[in-house]
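To start, the structure itself, in structure tokens.
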Amino acid sequence: MTEPVTFDNIDNKGYSEGYLGDNIRARMKRDCKRFWAGDNISDYLHEGDVEKLINEAAEAFETVLDRLLIDRENDPNSRGTARRLAKMYFNEIMAGRYEPAPDATAFPNDSKDRYEGMLVVRSELRSMCSHHHQPVAGVAYIGIIAANKLIGLSKYTRIAQWCSRRGTLQEELCNDIAREIMRATDSENVGVYVQATHGCCENRGIMAHSSLTQTTVLKGSFATDSGTKKEFMDNIKLQQDFAPR
Ligand SMILES: [Zn+2]
């Protein structure tokens, strides 16, 4: 049995004996840090922590499989499943919770003939819904009017994927991408359109396997100027003609 974690038995570095996951959770609670499925908690992780957390989660997934009455000792396909699940959550489908923001080096856009037009980037996304941990698959179209900083084209997609590799709701995801793009570029004029299919509607519940959900977040001139909004929506249609989802 491990000792329960309380604020008293946490040392200066924030650790006590017991599960590392319990220690980290206690520190976040102490700091009133929100740690919902869609939140990034990389500030609370030190080097090597993820490996330890994977070990702890693998142990917990073993219990889940046992409770589901799956023979993980004799079924060869279920033998390593608990560890595979733990690694998949930390390193892949929820990696955006544990990794810091992608490094998006900004280049100045302040010359006399600087680019002042709209840029629209199509980013493929994989996410999962917080409610059912079912896959969400789709595309984000990120529109921006360049401000004084430019970031590399691939960075838009890296940021969008960092936001989506978590447990999310599509509405929140759309907001998160807009906020992080604004932060990385200093632009106040950003539009994000996401369309995605949801495993929780396809594989269970209403079993609607061709349903598509669309969300739009418009900031600055994308919200206030109908010409900018129309140009963004027209560009999305052109992108969809070029690369049907
Ligand atoms: Zn769901």
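One is the number of the first residue; the rest follow in order along the sequence. Every number for a ligand or one of its atoms is a count from 1 in the order of the listing.
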Polar side-chain atom of Asp39 near backbone of Trp36 as donor-acceptor pair, under 3.5 Å: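 Yes; at least one donor-acceptor contact below 3.5 Å.
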Donor-acceptor under 3.5 Å (Asp31 side chain, Lys33 main chain):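 Not at all, since once roles are kept as given, no pair shorter than 3.5 Å links the two residues.
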Sidechain N-carboxylate O distance under 4.0 Å for Asp110, Arg114: no
Ring centers of Phe61, Tyr89 separated by less than 6.0 Å: yes
Please find out if the Zn ion (ligand 1) and some N, O or S atom of [X] are separated by less than 2.8 Å.
X      : value
His131 : no
His132 : yes
His198 : no

